[in-house]
Amino acid sequence: PVCRREGVDEITIAAPWAWDGEPLPQIMPTPFFATWRTLSEQLGNRRFAGTLNLGEGLQCWILAGRSGEDAALVAWNESATSDRAAIDMLLARGTVQTCDIFGNREEIPRHNGRHRIPLDSEPLFIEGVDPKIAQFRSSFRVEPAFIASETRMHEHTLVLTNPWDRSISGTLRLREPERWQVTPRSHSFTIRPDESIELPINIVLERNAEAGPRRLDAAVELNIDGSLQFDMDAEVTVGLEQVSFSASTTVAPNHRTGELDLVVIAFVTNESDAPVSLDAFLIGPGVPQMRRPIPILEPGRSTTRTFRIEGGAGQLADREVRVGIAETDGPARLNLRLTVPPQPDSE
């Protein structure tokens, strides 16, 4: 697939054959033969036509037939956890078919308007998909995709592209992430063939909004050869351009109490060309809010702040704490949620 994506038309491989030995040696296929045969069948007359965002840890490429038909997807799991490692969306109006790298095929019917296909580390080809639906879904994005973690109104646009050869119309309804306010949440649109539109939105983040990669979900009803209803999403990043921030947890024995304390370490770097003044803070269930000031952090410098909660390793096991930084005299604020690891079973 990588060669096809990079535009390579032909590749040469070592012949997947072996001798089976004496007394009557015969040429026999190796286990790689089935894999190369499947890849040849799946990629031989198709080209890379884009990517479909399935979420963190999952990869999905759109493959178009040379005549614009015979489209397929190839998808695999790079690092997603088992409960998220699946395609769960509308891929076509009817049944699609999967094909693994050994040529094994399975029919996947549409159920409740969606196709659900588990993914693992091996590439899985999905045939019978509607490439226009995949291309329309992959065109959905937020511009700019970076949202400053500041409590104010942010102006952004939603971008949609019509891959069909005729005009389409429909409605798009946004689902706000937790601690976001998005207006307007509903849009009606009409898009001419092969054109794009921009739909303006305003985003306000609450003070406790979480930083890092986030997804803006939308439900779409599309009028094209009847009505199609499906979900799609766009990835954005919430953060601060002038400050980078991360945090980690560990445990430490408390010799006075005999318990394990929870230790949270915040790492802060000033990426700007001016000094910044910040407060680091930690909030957890049943724990008084803790603050550690960072009076002046010079450009290009890094620092850490440590929070220690007595008995917190047991008290907060499997629970979340929120650690963050806030600009001392401004609206900037970053929040991260950390899940405290469970304690090992005592002997």
Parallel, tilted or perpendicular, as decided by the 30° and 60° cut-offs, for the rings of Trp61 and Trp76: perpendicular
Is the shortest heavy-atom distance from the side chain of [X] to the side chain of [Y] under 4.5 Å?
{"X": "Glu198", "Y": "Glu143", "result": "yes"}
{"X": "Ile309", "Y": "Leu316", "result": "yes"}
{"X": "Glu106", "Y": "Gln97", "result": "no"}

Looking at [Y] and [X], is there a salt bridge between them, counting it only when a charged N and a carboxylate O are closer than 4.0 Å?
{"X": "Glu320", "Y": "Arg322", "answer": "no"}
{"X": "Arg175", "Y": "Asp233", "answer": "no"}
{"X": "Arg46", "Y": "Glu127", "answer": "yes"}
{"X": "Asp231", "Y": "Arg114", "answer": "yes"}

Does [X] have more than 12 heavy atoms from other residues, nucleotides or ligands lying within 6.0 Å of its [atom1]?
{"X": "Glu155", "atom1": "CD", "answer": "no"}
{"X": "Arg207", "atom1": "CZ", "answer": "no"}
{"X": "Asp273", "atom1": "CG", "answer": "no"}
{"X": "Arg301", "atom1": "CZ", "answer": "no"}

Trace of the side chain to side chain donor-acceptor pair (under 3.5 Å) decision for Arg137 with Ser139: CA-CA 5 Å; Arg137 183 181 261 121; Ser139 78; over 6 Å; no
Just checking, Arg105 and Phe125: is the charged tip under 6.0 Å from the six-membered ring centre and within 45° of the axis? no
Arg192 and Asn162: CA distance, side-chain angles, deciding distance, side chain to side chain donor-acceptor pair (under 3.5 Å) verdict: CA-CA 7 Å; Arg192 295 170 59 86; Asn162 177 8; over 6 Å; no
Test side chain to side chain donor-acceptor pair (under 3.5 Å) on Ser277 and Thr328 and set out the steps. CA-CA 6 Å; Ser277 297; Thr328 303; 4.9 Å; no
